[in-house]
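Quick one: the structure is below, and I'll ask about it shortly.
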Protein chains: 2
Amino acid sequence: MTDSGSFSQFGICDGARAGRPWHAEARLAFQRTTSLHKIERAAGALLGMEADAAKAVYFVLSGWLASSKSLRNGQRQIVDIQLPGEFIDTRLSDMQASATQIETLTPVTLAVVPRGNWMRLLQEYPEILARHERDVAAVLSRMSERMLRLGKSSAQARIAYTLIELGLRSSAFGPGESQEFHIPMTQQSLGDFTGLSSVHVCRTLGQLERMGVVSTNGHMDILIHDIEQLAAIAEIDVALLRGELNSAA
Amino acid sequence: MTDSGSFSQFGICDGARAGRPWHAEARLAFQRTTSLHKIERAAGALLGMEADAAKAVYFVLSGWLASSKSLRNGQRQIVDIQLPGEFIDTRLSDMQASATQIETLTPVTLAVVPRGNWMRLLQEYPEILARHERDVAAVLSRMSERMLRLGKSSAQARIAYTLIELGLRSSAFGPGESQEFHIPMTQQSLGDFTGLSSVHVCRTLGQLERMGVVSTNGHMDILIHDIEQLAAIAEIDVALLRGELNSAA
DNA sequence: CGCGCGGTTGATTTAGATCAAGGACGGTGG
DNA sequence: CCACCGTCCTTGATCTAAATCAACCGCGCG
């Protein structure tokens, strides 16, 4: 484990740091054990609604996806966002107290592991098991952080935290002062993610902009000017963040 | 899988339904593979602060625990509650953007699996692997439901959902009309769980009581009079709930 | 007995939702 | 090329659910 002590929950993986992305290796492993079924989807598509192999585990090869739950009145909460190199388990989409839905935020390619092969894969390939364990720990960890902000923080903290989480996870952060990246989401969906109305997302981004910590360019192009202050607003321990930035660099 | 189609995320396990609790079997499996280290703690204790084997996986044999995260200013969010038969992975307690803490809500007994043995256990015992996979799916699923309510629902819905979740998970619900059980939490911690202030928890419980759906007796003894209406308030699909109650009975 | 924790209740404040009206695009069809 | 439309963003005005502040009660306990 080369990443011990760093923010492993943000999903930055060893392989990617070493220059060889984990999902390239994973693909090989999948190919050895199952017929690797690869599917592609355009942006804005819904996943798992296909009648057929709905009970599959997906592995994201490229693109962003969002899993959300919604209430009868249409209110929606995005529960997690999946980036390349992460697993999506559609078991979570059924048997629940409310409707779950997985949608693509960009065009995506996914590897599909039929449900029947999944347990076999875990049992036979320790590296996949270990990777999956780590992935699950990362998901739980970042969901916990988000719950904390959802329950106890201001709109500014929620937005700031989300910017940092997505920035770190998309590996956009270099060692430099300012960090720039694109979030393929509307302010509406950012609101569904942070538990805010789209109107308030807009206002809050405006505040952060006026404070000089970020600037936004048209449709969700984010430029972070002062990551330390942003982390402070996000109520992230700045020392931890600094350590993470160093180890990620 | 005898529970397919039912609310598996509430953690009701097949073994328990069959009369032989899963954690009794699990203990045997643990004993076969590792020296089963059992620890006990009083109510209100903190876990994992012991310097020694902090990097362990715990398995709850009896008692309730709460995992929480907190902000620098003392604001706290309970992220999940663990009941007997569930795993606690202390990996989640380190390397994070904010402090995590696991506390006992009642006296507990835990089985401790040292971190080193954990992966071996998963690889060698398919039934533990399968169980752990299901447990993880259940945790993610109920955390998602809670996030939905945290982000998008009223105080009444959050409280109602929590009562139903805890009631179902503690297996207190029989087939009858009214259901009675005890929640070993103060209104303060219920607030930390639902993202509400303790004052508002009190008022909201009062509202539910005046509406005749529940009554509370002194310190968190809950009696549910009208579970259908409570589920409606919790914005749970009543058909799903009904199915669950039937299959659990 | 008195202290402290947890629950209750009331008064006041506030963060964010909601409602509403424009404005800026980017795509589409004439 | 331009007219039109829909989607998304922006900004202002108003409303409201829940937080906060504050006082008090009841009770278990040293």
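Residue numbering restarts at 1 for every chain, and letters A, B, ... go by the order of the sequence lines. Values reported hereafter were calculated over all heavy atoms of this structure, with side chains retained and with hydrogens, waters and symmetry mates removed. Just so we're clear, the structure is a prediction, and the values are computed from it rather than from any experiment.
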(Q) What is the separation between atom CD on A:Gln75 and atom P on C:dT18, rounded to the nearest whole Å? (A) 6 Å

Q) Between D:dT11 atom C1' and A:Glu209 atom CD, what is the distance in whole Å? A) 15 Å

Q: Give the nucleotide from the list D:dA18, C:dG7, C:dG16 with an atom nearest to the side chain of B:Ser154.
A: D:dA18

Q) Distance-only, no hydrogens or angles: does the B:Thr104 side chain make a donor-acceptor pair with backbone N or O of B:Gly44 under 3.5 Å? A) yes

**Q.** B:Gln156 side chain near D:dA18 phosphate (N/O to OP1/OP2, under 4.0 Å)
**A.** no

Q.
Rounded to whole Å, how long is the line connecting atom CZ of B:Arg210 with atom P of C:dT8?
A. 11 Å

Q) Which nucleotide in the list D:dC9, C:dA17, D:dA18 gets nearest to the side chain of B:Leu196? A) D:dA18

Q) Once you round it to whole Å, what is the distance between P of D:dT10 and CD of A:Gln188? A) 14 Å

(Q) Could you tell me how far apart B:Arg149 (CZ) and D:dA17 (C1') are, to the nearest whole angstrom? (A) 19 Å

Q) Considering only D:dT10, C:dG10, D:dA13, which nucleotide approaches the side chain of A:Arg203 most closely? A) D:dA13

Q) A:Gln207 CD to D:dG12 C1': how many Å, rounded? A) 15 Å

(Q) Rounded to whole Å, please give me the gap between CG in A:Leu150 and P in C:dA15. (A) 18 Å

Q: Please state how far atom CE in B:Met185 lies from atom P in C:dC5, giving the value in whole angstrom units.
A: 19 Å

Q: Determine the minimum heavy-atom distance between B:Gln75 and A:Leu148, stating which atoms define it.
A: O-CD1, 4.5 Å

Q) Between A:Tyr161 and A:Ala234, which heavy-atom pair has the shortest distance, and what is it? A) N-CB, 3.4 Å

**Q.** Among D:dA18, D:dT20, C:dG16, the one nearest B:Val199 by side-chain distance
**A.** D:dT20

Q: Would you please say whether a donor-acceptor pair under 3.5 Å links the side chains of A:Glu209 and A:Thr216?
A: yes

Q | B:Ser197, nearest nucleotide to its side chain (from D:dT10, C:dG16, D:dA19) | A | D:dA19

Q) Which atom pair, heavy atoms only, marks the closest approach of B:Ile78 to B:Ser189? A) CD1-O, 3.6 Å

Q.
By the 4.0 Å heavy-atom rule, please label B:Thr186 as base, sugar-phosphate, or nothing.
A. sugar-phosphate

Q. NA contact type, A:Gly191, heavy-atom cut-off 4.0 Å: base, sugar-phosphate, or nothing?
A. nothing

**Q.** Closest to the A:Gln187 side chain, choosing from C:dC19, D:dC9, C:dT8
**A.** D:dC9

Q: Just call it for A:Ser198: base, sugar-phosphate, or nothing, with non-hydrogen atoms closer than 4.0 Å on any strand.
A: nothing

Q: Classify the nucleic acid contact of B:Gly195 as base, sugar-phosphate or nothing, counting any heavy atom under 4.0 Å across all strands shown.
A: sugar-phosphate

